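Remember, it's a predicted structure, so these values are computed and weren't measured experimentally. Heavy atoms only: backbone and side chains are in, while hydrogens, waters and symmetry mates are out.
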Amino acid sequence: MNLSWMAWTWQTALFFALLFCVLAAMTTLAALRPERDRIGMLGLPTTRGDRLFLTLLGAAFIHLGWLALAGEAPLWGASILSLLLGVILFRWA
């Protein structure tokens, strides 16, 4: 199979490796400590998986917005905002 059309860089590989590690850690955590719904600032019951999904979705939108508004600025700012969003969602959502 010819995959030369895909832009596989070390950054892309690192992203998918870290995503796999997060999913593996969440699966292990769910097996060791079963989840229970929690009602936080969103006002609806959420699980760890829900909060992870919201964090990943929010991080994607933050990075897209950063690219649209900041242009050539480094993505470190968007990454820091995404980590902050993750902390907020896992703590209070």
Side-chain angles (χ1 to χ4, degrees):
M1 189 177 343
N2 184 8
L3 297 177
S4 63
W5 60 272
M6 298 178 79
W8 287 103
T9 62
W10 68 268
Q11 294 93 342
T12 306
L14 179 65
F15 171 78
F16 283 108
L18 289 175
L19 186 59
F20 175 77
C21 289
V22 167
L23 292 174
M26 291 289 283
T27 302
T28 304
L29 190 58
L32 295 176
R33 296 179 58 200
E35 298 181 59
R36 56 186 175 93
D37 291 351
R38 186 174 77 186
I39 298 177
M41 69 180 177
L42 298 176
L44 53 113
T46 59
T47 63
R48 284 188 297 254
D50 297 333
R51 293 187 292 274
L52 176 64
F53 176 75
L54 290 173
T55 300
L56 293 173
L57 190 63
F61 282 116
I62 287 171
H63 280 82
L64 287 173
W66 187 275
L67 289 172
L69 299 175
E72 295 293 321
L75 286 174
W76 289 111
S79 297
I80 291 170
L81 287 174
S82 297
L83 286 173
L84 183 62
L85 173 71
V87 168
I88 289 169
L89 284 176
F90 270 89
R91 178 69 178 125
W92 291 296

Criterion side chain to side chain contact (heavy atoms under 4.5 Å, CB included) on Thr9 and Leu14, from CA distance to verdict: CA-CA 9 Å; Thr9 62; Leu14 179 65; over 6 Å; no
Would a single hydrophobic cluster contain both [Y] and [X], if residues Ile, Leu, Val, Met, Phe, Trp and Tyr are joined by side-chain heavy-atom contacts under 4.5 Å?
| X | Y | result |
| --- | --- | --- |
| Leu23 | Phe15 | yes |
| Leu44 | Leu85 | yes |
| Leu83 | Val22 | no |
| Ile62 | Leu42 | yes |
| Val87 | Leu89 | no |

Student check: side-chain heavy atoms of Met41 and Ile88 closer than 4.5 Å: yes
Heavy-atom side-chain proximity of Leu75 to Leu67 below 4.5 angstrom: yes
From CZ (Phe90) to CG (Leu54), nearest 0.5 Å: 9.0 Å
Full working for side chain to side chain contact (heavy atoms under 4.5 Å, CB included) between Asp37 and Thr47: CA-CA 5 Å; Asp37 291 351; Thr47 63; 3.0 Å; yes
Closest non-hydrogen atom pair, Thr55 against Arg51: OG1-O, 2.8 Å
Minimum heavy-atom distance between Glu35 and Ala30, given as atom pair plus value: OE2-CB, 4.0 Å
Distance-only donor-acceptor check, side chains Ser82 and Ser79, under 3.5 Å: no
Trp66 side chain vs Pro74 backbone, donor-acceptor pair below 3.5 Å: yes
Donor-acceptor contact below 3.5 Å, side chain Arg38 vs main chain Ala93: yes
Side chain to side chain contact (heavy atoms under 4.5 Å, CB included) between Leu32 and Leu29, worked out: CA-CA 5 Å; Leu32 295 176; Leu29 190 58; 5.5 Å; no
